[in-house]
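Encoded as structure tokens, the structure appears first; notes follow it.
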Amino acid sequence: EIGIVGHLDVVPASNGWDTDPFTLTEKDGKVIGRGVEDDKAPSLLILYALKNVKQSGVKFNKKIRFFVGCNEESGWKDVEYIKTKTTLPKFGFSPDSEFSLSYAEKGVYHVTISLNAFKNFFCLRGGTAVNAVCDYASVRVKDDAIDHQLLEKYSLKFSDGLIESFGVASHGSAPEKGKNALYAIFRYMEEMGEDLNGFADLVFKDGIQVSSFSTEQGKTTFSPNLIKQTETGYQLICDCRLPAPLKIAQILPCFDKIGKDYHVKECHEPFMVDSVQFRSRRYSPDERNNKGIFRPFLCSVL
């Protein structure tokens, strides 16, 4: 058997759309909608390809199975469910990568940082998913204690006791392509006297230096994307992508630098197929970034 794995779920649409993200729209020779590239159109192309092959009369000596799931973006429970119902093929590929062949995938970890309640601010909100850079955040101010110059410095909006921050969304695997709305709010609170000890630059500007851990697959990334209120304070949930063959234990000292309690949840560890054929051609860092050779995707080898 040969397996093909696609997925139909998407990260949240967030802001900045000129069209309804969940209505397929054709414009200037392109189709626009959330998930068109990742991974709905590639999955649709597989259906057309299989139909074309079947109609061509070509005889196969292997069975082809096409799996389509709806949980790739948030846990892969669909794959776990499939495994309870049938066996997975030993060989396969996924139409979910910009480059035609990938031999490695970064590990995905969720790092939850615990924060105490603030003195002068409350009801901090931000983010829609762990794997999407936060593009909107807000916090309420006690006693309307604000500094208009600082608000302007961090491009924050203020009205009726609510401070709002607007960023730019991107996938959690590439936080450098977005602008995290939570950063401006944390910097503002720090300058207004909250006891955060440089927390904003530590976690949002890589003051903990996780990016110094890298392999030929790329750098480790760390993106604080979602904040939740608890009974005693807040939990900031961060998306961490670790390149193979590194292990999460190697970067735990980086998280210790934050000076807060934290918990690490493993979604899946890094993996890499070690093959002479795959290593016969070396790519420069620029080539890797442009071609997306090591861009994380669902599965290269099942």
Please tell me whether S211 and D206 have a donor and an acceptor in their side chains that are separated by less than 3.5 angstrom.
yes
dist D143:CG -> I146:CD1 (nearest 0.5 Å) comes out at 12.0 Å
**Q.** Polar contact flag, side-chain donor to acceptor under 3.5 angstrom, Y183-D201
**A.** yes
To the nearest 0.5 Å, atom CH2 of W76 lies from atom CD of E72 at 6.5 Å
Exercise for the section: Anything under 30° is parallel, anything over 60° is perpendicular, the rest tilted; go ahead and classify F199 against F186. Expected result: tilted
Taking side chain as C-beta onward, heavy atoms only, is M189 less than 4.5 Å from K119? no
| query | Can H7 and N71 be counted as having a side-chain donor-acceptor contact under 3.5 angstrom? | reply | no
Taken to the nearest 0.5 Å, the spacing of I258 CD1 from L236 CG works out to 8.5 Å
Residues 130-160 vs ring-ring contact (aromatic ring centres under 6.0 Å, His included), sequence neighbours excluded, gives Y136-F166
* Is a side-chain donor or acceptor of D78 paired with a backbone partner of I82 at a separation under 3.5 angstrom? -> no
In terms of heavy-atom contacts, A132 and P12 come closest through CB-CD, 4.4 Å
What about V203 and F213, same hydrophobic cluster or not, with Ile/Leu/Val/Met/Phe/Trp/Tyr joined at side-chain heavy-atom distances under 4.5 Å?
yes
The reported gap from OH in Y234 to OG in S114 (rounded to nearest 0.5 angstrom) is 13.5 Å
key: Check against salt bridge (Lys or Arg N to Asp or Glu O under 4.0 Å), E191 and R187   = CA-CA 6 Å; E191 293 206 35; R187 286 293 291 124; 3.5 Å; yes
**Report entry** Joint hydrophobic cluster, V210 plus V130, side-chain heavy atoms closer than 4.5 Å
**Finding:** no
- Cut-off 3.5 Å, side chains only: do S223 and R241 have a donor facing an acceptor? no
